[in-house]
Amino acid sequence: MPTVPEEFQPVKSAGRTLDLLELLAERPQPWALADLARALGIPKSSLHGLLRTLVGRGWVQTDESGNRFRLGLRALRVGAAYLDGDDQVGLLSGVLDELSRRFGEAVHLGRLDGDQVVYLAKRESVHRLRLYSAIGRRLPAHATALGKALLAEHPDTDVDRMLTWPLARLTQHTVTDPEALYTALAAVRTTGHAVDREENAEGIRCVAMAVPLASPAVDAVSVSVPASRLQPELEAAIVAALRELVGGLAQTRSMLTT
């Protein structure tokens with residue numbers, strides 16, 4: 001995250017606008033004015049004017065009654081523009097396609113953002129039993145293979161500052177003990193890949209590898225498989241494929257714009 005001078009004073013109205021849009025993105029449901037005001041700590045009179053401005057510009061839309069609010073199409077346009085303008089996302093498209101073709105399982109591209117991982121791209125599983133996911137979804141980095149692959153790119157002292165303690169427990173398998181997490185990250189640095197064994201979602205296991213297009217890496221690719229299907233032979237095959245397709249990308253760094 002870029003630093004700002006100490007004398008910088010945030011613009012209150014801009015901050016409120018961003019807080020509103022981020023809340024609508026994080027919890028995509030129709031919101032009543034009173035509920036939004038309560039969640040954001042903004043007076044209803046101020047929030048009403050802000051919402052009407054955003055509705056007029058297409059960032060927020062209402063239901064037929066005009067009393068419930070959700071993100072509008074303009075937000076989709078900006079989000080799509082971010083992905084369209086990202087060289088790394090485009091470069092990795094073929095890798096995601098090939099992993100999907102080989103295994104028929106869910107494949108994700110994730111980017112580290114603070115203490116969370118954000119899904120930038122995905123390929124759906126061909127099976128009926130599969131992981132639910134969505135582009136833009138955010139997950140705690142410590143509880144995902146994607147996140148651990150990227151956290152392992154940093155020394156433990158930096159990881160300690162990057163994460164929010166105490167760590168959230170998503171399932172009974174989530175690693176929340178600091179020493180246990182540091183041990184897991186050390187294993188990632190040794191093997192070159194990370195594993196999530198039902199730490200993010202019960203019944204789902206993932207294998208991930210950081211994309212070597214930057215140092216430290218900011219993106220990682222994962223393959224997610226229901227635990228009932230992830231036999232040792234399949235896990236070994238996924239690791240081998242990640243090493244081939246993702247690990248082999250180091251030589252393409254020069255293709256990216258600077």
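Sequence positions, counted from 1, serve as the residue numbers for this chain.
- You'll find the side chain of Val246 reaches within 4.5 Å of the side chain of Pro212, heavy atoms only.
- Residues Ala210 and Glu153 come closest through the heavy atom pair CB-OE2, 3.9 Å.
- Atom CG of Leu71 sits about 9.5 Å away from atom CG of Leu54, to the nearest 0.5 Å.
- Residues Glu235 and Arg205 are not paired through a salt bridge, judged by the lack of any N-O separation under 4.0 Å between the basic side chain and the carboxylate.
- Considering only heavy atoms from C-beta on, Val225 comes within 4.5 Å of Ile238 through its side chain.
- Between the side chain of His193 and the backbone N or O of Ala145, no donor-acceptor pair lies under 3.5 Å.
- With a 4.5 Å cut-off on side-chain heavy atoms, Asp97 and Arg101 do not count as touching.
- Between Ala227 and Glu198, the shortest heavy-atom contact is CB-OE2, 3.9 Å.
- Contact annotation: the side chain of Val218 never approaches that of Leu112 to less than 4.5 Å [non-hydrogen atoms, C-beta and beyond].
- Val55 and Leu76 are members of different hydrophobic clusters when ILVMFWY side chains are connected at heavy-atom separations under 4.5 Å.
- Residues Asp156 and Leu181 are not in side-chain contact: their nearest non-hydrogen atoms beyond the backbone lie 4.5 Å or more apart.
- In this structure, the separation between CG on Leu185 and NE2 on His154 is 10.5 Å, given to the nearest 0.5 Å.
- One hydrophobic cluster holds both Leu91 and Ile135 under the rule that ILVMFWY side chains link at heavy-atom gaps under 4.5 Å.
- Connectivity analysis of hydrophobic side chains (ILVMFWY, heavy atoms under 4.5 Å, direct or indirect) links Val195 to nothing; its cluster partners are none.
- Glu22 has no carboxylate O lying under 4.0 Å from a charged side-chain N of Arg138, or vice versa, which leaves the two without a salt bridge.
- Residue pairs meeting the salt bridge (Lys or Arg N to Asp or Glu O under 4.0 Å) criterion with at least one partner in residues 61-78, sequence neighbours excluded, are absent.
- Taken to the nearest 0.5 Å, the CG atom of Leu230 stands 8.5 Å off from the CD atom of Glu105.
- Applying the side chain to side chain donor-acceptor pair (under 3.5 Å) test to residues at least two apart or on different chains, the pairs with a partner in residues 25-37 are Asp35-Arg38.
- A chain of hydrophobic side-chain contacts below 4.5 Å, direct or via other Ile, Leu, Val, Met, Phe, Trp or Tyr residues, connects Val211 to Tyr82.
- With values rounded to the nearest 0.5 angstrom, Leu92 atom CG is found 6.0 Å from Leu213 atom CG.
- Distance alone, capped at 3.5 Å, is enough to place a donor-acceptor pair between the Thr174 side chain and the Thr171 backbone.
- For the atom pair CG (Leu47) and CG (Leu51), the distance works out to 4.5 Å, reported to the nearest 0.5 Å.
- Residues Trp59 and Leu24 have side chains not in contact (no heavy-atom distance under 4.5 Å, counting atoms from C-beta outward).
- Formation of a donor-acceptor pair under 3.5 Å by the Trp165 side chain with backbone atoms of Asp160 is found in this model.
- Shortest non-hydrogen contact noted between Val188 and Ala152 is CG1-CB, 3.5 Å.
- For the pair Ser93 (side chain) and Val89 (backbone), a donor-acceptor distance under 3.5 Å is absent.
- Taken together through direct or relayed side-chain contacts under 4.5 Å among Ile, Leu, Val, Met, Phe, Trp and Tyr, Val117 and Leu170 form parts of separate hydrophobic clusters.
- To the nearest 0.5 Å, the span separating CZ on Arg189 from CG on Leu151 amounts to 9.0 Å.
- Looking at heavy atoms from C-beta onward, Leu167 lies out of side-chain contact with Asp115 at the 4.5 angstrom threshold.
- Of all heavy-atom pairs spanning Ser224 and His108, the tightest one is OG-ND1, 4.0 Å.
- Linking ILVMFWY residues whenever their side-chain heavy atoms come closer than 4.5 Å, directly or via other members, places Leu50 and Leu33 in the same cluster.
- Across every non-hydrogen atom of Arg16 and Ser46, the tightest pair is NH1-CB, 3.7 Å.
- In terms of heavy atoms, Glu199 sits closest to His173 at CG-O, 3.3 Å.
- A distance-only check finds no donor-acceptor pair linking the side chain of Ser100 to the backbone of Leu96 [under 3.5 Å].
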